[in-house]
Amino acid sequence: MATSVVLVVAILTATSTVEASGDVSSGARSTRVRRQTGELRQEIPAQFNQIYQGSVFNGTEDIYRYSYMQNESSPRAIRVEVKSQGASEDYPLLFVVRQQRGILSWQVPLMIRGIYGYDKVSRTLCPMDHLQTGVKDERETVYLEVSAASPAALNYRVNATILTDFSLSTGQSRNFLVSPSQPQYYAYKMPPDLDMVVVKVSSPSNLCAVFSLQPIKCPVYDLDRNIEFVGIYQTFMKKAAITVQKSYFPNGEFYVVVVVKATDSDCTGEMETIQPANPSDEAFEMRRVKEVTVVVGPSITDSQYVTAVFVGILVFVLFYVVTFMVLFIQWIRQRNAELEGLAPRPEEQGYAGIAATNAEAPINAQRTEPNYGATATDPYSMGEQPIETKPGIPPTDQPNGPPMPTNPPPPRPAQSKSYPKPPMVHTLSDSSMEDDIDMLDDADEDKDIYRTKTFLYVADLARKDHRHLSQKYNLYSWNLLTISVFYALPVIQLVITYQKMLNTTGNEDICYYNFFCAQPAGDLTAFNNVYSNIGYIMLGVLILILVYRRDYTHQKKVDAGDRYAIDYGIPKHFGLFYAIGIALVMEGVMSGCYHVCPNYSNFQFDTSFMYIIGGLGMLKLYQTRHPDINANAYAAYASLAIVIFVAVIGVVFGTPYFWAIFTVVYVLAILALTAQVYYMGRWRLDMGIFHRMYLLIRTDCLQCSKPMYWDRFVLLLVGNIINWSLALFGAVGQPDDFASFMLAIFIINFLLYFVFYIVMKLRSGERILWVTVGLIIITLICWTLALSFFFKGVTTWEKTPAQSRLDNKACVLMGFYDDHDIWHFMSAISMFCSFLVLLMLDDDLDYTPRDKIPVF
């Protein structure tokens with residue numbers, strides 16, 4: 001009797017509440033479900049697109065039975081929408097859907113991350129049409145069970161509809177709304193003529209959402225807590241894209257699933273204040289509703305893919321063809337000159353040149369003591385007075401000079417694969433043989449005599465044994481090879497592991513690709529970003545070939561006793577050029593490794609050899625006219641290692657404290673390098689440094705009208721102004737990309753020194769060959785184009801993956817390469833041309849005595 005009274009009271013309460021709620025979906029009829037007295041379980045034949053309102057409490061259950069005809073040719077899905085404002089987290093409503101081959105269940109309120117409760121839930125049931133191949137016109141029955149454990153009756157509303165537009169078509173967009181409690185998914189099947197498609201989603205809203213592609217099977221994981229269990233997925237805010245091959249999913253069929261996150265922290269990286277929601281608050285659910293557009297489009301075809309790859313490598317093959325044609329023409333002309341018994345000269349090789357256009361005499365002629373301290377290093381002419389020559393013109397062609405024979409000087413005795421060794425005749429102060437006296441105190445005094453003169457010439461800084469210096473500079477290339485092997489092997493292993501992890505988990509947030517132009521190949525997700533680095537490798541090898549040719553030709557002339565090759569022009573040391581070529585090759589390898597899976601934890605792979613290239617370029621430019629005092633390989637690579645270490649620390653721990661320490665160290669390093677360059681290495685860091693600085697300021701700045709070393713002073717003044725400005729910018733602005741900031745410091749200083757070198761070269765009355773001028777112009781154009789593509793930016797690992805996708809852009813070249821790929825191509829060409837300029841910059845001095853070539 002008591003049980004009957006409780007049932008009657010519960011039914012009357014539920015009926016009155018249901019009648020009071022008039023919330024009915026548009027276009028759907030509403031039917032009240034009344035429970036018979038004493039009936040605990042009832043089954044209701046239900047129809048689609050009709051709203052059913054009822055109530056349940058502890059011990060009761062409502063079962064809705066839906067039937068429909070399956071159709072394999074036109075797959076359909078059922079979407080169920082339920083709502084209850086009376087349910088709570090302690091006493092939720094339980095919904096269970098039973099299908100022929102699966103069960104789906106959820107509760108209302110739907111708890112997201114255990115905090116956010118949603119009283120309205122919409123779920124799409126897994127369609128059986130895709131799973132039962134060959135079945136046509138078979139009736140399918142779906143049961144929806146509603147129950148609760150609440151002692152009081154809980155009201156609910158349920159509605160089921162058939163989605164007739166469940167399948168997506170190629171090239172057609174689909175708009176829909178999603179929320180954390182109302183995910184959506186649709187089916188897509190690739191046409192027979194397509195092997196690869198790009199699935200793109202876009203939204204005007206910045207709400208954080210997850211976009212997933214899953215295989216055609218049940219269950220479909222479409223909630224925030226389980227969408228990452230299977231398939232491929234990305235977080236996104238306004239746009240995202242996934243390129244998928246037909247082989248990835250059976251028969252090229254998959255579901256496109258979208259669900260909104262409960263918070264935006266996964267997309268912004270910022271923790272949000274958690275505010276538990278009131279289920280009766282309609283505005284709460286609307287705040288997390290996101291409008292989404294999905295479109296599946298065809299990707300690049302196989303023929304376009306192969307063509308783009310072939311064209312990419314063909315561009316750099318043309319560099320080889322043009323280079324070898326030029327070298328062959330030069331060889332023919334040199335061979336003809338040798339047969340005629342004439343020594344080839346720059347003018348005879350098809351080179352013209354430009355020189356300083358001012359009417360004044362060159363700097364050398366203006367100096368009162370042009371030959372002070374400049375010694376003839378040729379042992380065969382010791383004691384003879386140097387012949388007055390003009391830069392770049394062989395002595396045989398000097399106007400108003402002493403009579404000279406028409407043929408070049410007689411050759412010296414040939415030696416086997418080594419530079420001519422001068423006779424063992426030295427004075428106590430001679431330091432041309434470093435091994436003999438460099439360990440004695442008088443060696444320092446001797447260096448002070450030569451290196452602290454007001455005007456220096458290359459002969460003053462080319463007094464050490466050529467063989468010893470060549471071995472010293474060859475260490476640059478051998479050490480770099482060793483570094484590259486030990487550095488590259490673990491890097492390759494790591495990025496392969498990253499790629500396997502992405503392929504296994506399907507989490508494409510691991511890597512920062514440009515997903516709107518990611519061309520897969522095998523296991524690689526973005527093969528185009530990896531392949532576009534081939535230019536660095538091919539042009540780096542070409543540089544090595546050109547350097548080897550020059551080295552071989554020079555050694556051949558030295559073995560033949562050619563005095564012009566031994567005692568004229570800039571001393572030929574090729575070790576740094578070999579190192580530059582190796583560094584360019586390794587930049588291609590390491591950049592390719594980085595782009596296998598670019599992310600926050602491996603960014604240094606892409607920039608490490610950029611630092612090395614910039615450092616080697618500055619060292620080579622300085623070595624040109626300072627061969628005796630350039631840094632050795634161990635010190636250079638140790639310094640670059642410190643730079644890379646600081647770059648990593650700056651990215652990982654870029655706090656204000658770090659910037660303060662970095663700025664102080666940077667300024668001190670600038671001052672130390674300034675003293676090293678200004679005094680040609682003839683200074684010491686000891687307790688007397690402050691007294692010497694006081695004397696320097698008093699003599700060079702206060703008592704003199706101009707500094708003792710004017711040219712060096714101007715260079716270092718400009719350099720200090722620029723570097724102090726960079727240090728101030730870093731300390732105040734604290735840029736997020738510290739690695740790029742460090743690289744900018746290297747590039748700016750290299751360009752500054754290069755411009756200074758060109759200006760001083762012209763100011764000294766020297767020429768620049770027209771070939772070199774043309775290369776400089778081409779280099780400037782290529783660098784301008786390269787940087788324009790670099791600054792467009794298609795990804796950024798300083799942000800979250802979802803924020804990085806906001807910068808993703810479509811392919812811009814042949815439907816295969818994006819802006820960053822073009823940066824790879826153009827920067828490779830730019831660096832190749834830059835190094836050719838370094839290689840040929842002083843070719844006009846090949847017939848100028850070294851005691852006539854100024855140092856700057």
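Just the heavy atoms: all of them, side chains too, but no hydrogens, waters or symmetry mates, feed the values below.
Salt-bridge check for R805 with D509: passed, with a basic side-chain N closer than 4.0 Å to an acidic carboxylate O.
Between the NE2 atom of H824 and the CD1 atom of I822 there is a distance of 11.5 Å, given to the nearest 0.5 Å. The CZ atom of F789 sits 11.0 Å away from the CG atom of D821 when rounded to the nearest 0.5 Å. Here the CG atom belonging to D264 is positioned 8.0 Å from the CG atom belonging to N206, to the nearest 0.5 angstrom. Of the inter-residue distances, the one linking Q493 atom CD with C593 atom SG reads 11.5 Å to the nearest 0.5 angstrom. The OH atom of Y473 sits 9.0 Å away from the CG atom of L619 when rounded to the nearest 0.5 Å. Taking CE from M586 and CD1 from I613, the interatomic distance works out to 10.5 Å, rounded to the nearest 0.5 Å.
S788 places a side-chain N or O within 3.5 Å of a backbone atom of L785 that can act as its donor or acceptor partner. Side-chain N or O atoms of E291 include none that pairs as donor or acceptor with a backbone N or O of N175 at under 3.5 Å. Without hydrogens or angle criteria, K809 side chain to G793 main chain gives a donor-acceptor distance under 3.5 Å. Listed for the T607 side chain is no donor-acceptor partner under 3.5 Å among the backbone atoms of M610. In terms of modelled atom types and a separation under 3.5 Å, the side chain of R174 and the main chain of D165 share a donor-acceptor contact. A donor-acceptor pair under 3.5 Å links the side-chain atoms of S804 to the main chain of T796, judged by distance alone. Of the possible polar contacts, none joining the S212 side chain to the Y233 backbone as a donor-acceptor pair under 3.5 Å is found. With K246 contributing its side chain and L194 its backbone, the two residues share a donor-acceptor pair below 3.5 Å. Listed for the Q214 side chain is a donor-acceptor partner under 3.5 Å among the backbone atoms of Y221. Although no hydrogens or angles enter the test, the distance criterion places a donor-acceptor pair under 3.5 Å between the side chain of N808 and the main chain of V794.
Closest non-hydrogen pair, N503 versus D523, comes out as ND2-O, 3.2 Å. Listed here is the closest heavy atom pair of S484 and I582: OG-CG2, 4.5 Å. Across every non-hydrogen atom of F516 and A240, the tightest pair is CZ-O, 3.7 Å. Closest approach of P520 to T243, counting heavy atoms only: CD-CG2, 3.7 Å. Nearest heavy atom pair, residue A518 against residue A526, reads CB-CB, 4.2 Å. Scanning all heavy atoms of the two residues, the minimum distance from N602 to C597 falls at ND2-O, 2.8 Å.
The aromatic rings of F166 and Y185 sit perpendicular, their planes meeting at an angle over 60°, well past the 30° parallel limit. Relative ring orientation between H820 and H595 is described as tilted, the plane-to-plane angle lying within the 30° to 60° band. Under the 30°/60° scheme for interplanar angles, the aromatic rings of F236 and F211 are found to stand perpendicular. The aromatic rings of Y600 and W797 sit perpendicular, their planes meeting at an angle over 60°, well past the 30° parallel limit.
A donor and an acceptor atom, one from each side chain of S203 and S205, are nowhere located under 3.5 Å apart. In this model, no donor atom of one side chain and acceptor atom of the other lie less than 3.5 Å apart for D222 and Y255. Counting only N and O atoms by type, the side chains of S601 and Y498 include a donor and acceptor under 3.5 Å apart. Between the side chains of D842 and Y757, at least one donor N or O sits under 3.5 Å from an acceptor N or O. Defined by atom type and a distance below 3.5 Å, a donor-acceptor pair is present between the side-chain atoms of N533 and S591.
Ring pair Y594/F603: centre-to-centre distance not below 6.0 Å.
Applying the ring pair (Phe, Tyr, Trp, His ring centres under 6.0 Å) test to pairs two or more places apart or on separate chains, those with a residue in residues 517-547 are F527-Y531. Residue pairs meeting the disulfide bond (SG atoms under 2.5 Å apart) criterion with at least one member in residues 518-547: none, sequence neighbours excluded. Listed by first and then second residue, the salt bridge (Lys or Arg N to Asp or Glu O under 4.0 Å) pairs that reach into residues 791-801 come to none, sequence neighbours excluded.
Looking at L213, V220, V178 one by one, the single match for side chain to side chain contact (heavy atoms under 4.5 Å, CB included) with V257 turns out to be V220.
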query: Between F825 and Y817, is a ring-ring contact (aromatic ring centres under 6.0 Å, His included) present by the stated rule, with each step listed?
result: CA-CA 10 Å; F825 290 143; Y817 300 108; 5.1 Å; yes
task: Report the C-alpha separation of C833 and C782 in whole Å, then their side-chain angles, then the decisive distance to 0.1 Å, and conclude whether the disulfide (SG to SG under 2.5 Å) test is met.
output: CA-CA 9 Å; C833 294; C782 291; 5.1 Å; no
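Cation-pi contact between R550 and F574: absent, since separation from the ring centre below 6.0 Å together with deviation from the ring axis within 45° is not met.
Taking 4.5 Å as the limit, some side-chain heavy atom of Y305 sits within range of a side-chain heavy atom of Q519.
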